[in-house]
Amino acid sequence: MDHPTWHGIELDAETALALLEWQAEMGADEPLLDAPLDRFDLPAPVAAPRIPLAAPVAPVLSLTSEDDDLPARVAQAEALAAQAGTLDALAAAQEAFDGIELKKGARNFCFADGNPAARVLILGEAPGDEEDRQGRPFVGRAGQLLDRMFDAIGLSRRAVDAEKALYITNVLTWRPPGNRDPQPDEIAVSMPFLRRHIELAAPDLIVLMGNIACEAGLGRRGILRLRGTWDQAFGRPALPMTHPAYLLRNPPAKREAWADLLSLSARLDGLS
Ligand code: URA
């Protein structure tokens with residue numbers, strides 16, 4: 001029996017059904033044209049040049065904290081991050097760094113998950129309760145939705161092939177108590193580690209999930225205006241998207257998230 005194909009990939013019946021269900025859940029519940037239109041069969045966008053790592057773009061965070069010792073803590077974070085030559089060394093240095101109060105209240109250090117060789121890096125906000133328990137980003141309800149979203153365009157954190165893989169991290173590596181918003185000083189001391197993290201992982205594209213990731217990557221918030229428009233963050237092409245936690249609270253917004261996923265998929269094809 002012939003297997004259905006999607007985007008050139010042969011699918012088994014179970015995967016094809018899951019893909020259909022996901023599309024329906026994203027709002028694609030009726031055909032708009034009489035004949036199918038392959039939206040991936042568009043002229044390939046011009047490949048964006050890779051920006052040299054020597055010139056990372058560091059957005060300026062506006063710090064309102066009156067914490068006198070903050071510049072020293074940021075300088076220490078900069079020095080530790082600069083010394084780390086591998087992701088393992090960086091994770092060890094960041095975990096050992098005591099210049100962030102959140103560390104005292106968290107259960108586990110939450111550095112990253114997925115395949116570090118992936119072309120796509122997803123940047124979230126901070127660990128929540130389940131992430132804090134497991135020491136891995138995006139493993140709670142929002143993370144499960146994130147996995148289904150990216151599965152629908154053929155990307156997975158479990159993929160060995162870098163072309164189909166995801167690498168996932170957060171702006172903060174320690175859980176803020178009660179899932180409160182990260183504070184400016186917490187972001188400031190985490191930024192040197194995050195910039196080095198992205199340099200070492202060297203993804204082709206970054207997805208900025210929600211406002212805190214946009215603040216870290218672009219230096220501004222306003223995700224409902226920013227989403228869907230490609231920008232540059234950490235010296236690489238970056239796509240702001242609404243956070244899966246927001247999509248869980250606002251299911252109609254899945255329609256736009258689906259459009260953003262298609263844009264990501266098309267850009268990846270253009271860069272291939
Ligand atoms: N939300 C995030 O932004 N990151 C996580 O790891 C989990 C939930």
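Both counts, for ligands and for their atoms, begin at 1 and track the order of listing. As the structure is a computational prediction, the values presented were derived from the model and not from experiment. Residue numbers start at 1 and run along the sequence shown.
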Q) atom 4 (N) of ligand 1: which of Asn170, Val139, Ile168 has the nearest heavy atom? A) Asn170
Show which atoms of ligand 1 fall inside a sub-4.0 Å distance from at least one heavy-atom site of [X].
{"X": "Pro137", "result": "6 (O)"}
{"X": "Ala126", "result": "1 (N), 2 (C), 3 (O), 4 (N), 5 (C), 6 (O), 7 (C), 8 (C)"}
{"X": "Gly124", "result": "3 (O)"}
{"X": "His243", "result": "1 (N), 2 (C), 3 (O)"}

Do [X] and [Y] make a side-chain contact, defined as non-hydrogen atoms from C-beta onward lying under 4.5 Å apart?
{"X": "Ser156", "Y": "Lys164", "result": "no"}
{"X": "Arg119", "Y": "Leu205", "result": "no"}
{"X": "Val189", "Y": "Phe97", "result": "yes"}

Q | ligand 1 versus Met209: contacting region, heavy-atom distance under 4.0 Å | A | neither
Q: Would you mind telling me if ligand 1 is within reach of the side chain of Glu125, the backbone, both or neither, using heavy atoms under 4.0 Å?
A: both
**Q.** Glu130 heavy atom under 4.0 Å from ligand 1
**A.**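 The answer is no: ligand 1 sits nowhere under 4.0 Å from a heavy atom of Glu130.
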Q. What is the distance from atom CG of Asp260 to atom CE of Met241, rounded to the nearest 0.5 Å?
A. 5.0 Å
Q: List the steps and the verdict of salt bridge (Lys or Arg N to Asp or Glu O under 4.0 Å) for Arg195 and Glu78.
A: CA-CA 10 Å; Arg195 281 196 287 269; Glu78 294 279 5; 3.3 Å; yes
Q) In the single-linkage hydrophobic clustering (I, L, V, M, F, W, Y; side-chain heavy atoms under 4.5 Å), do Phe234 and Phe111 co-cluster? A)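 Shared cluster, yes.
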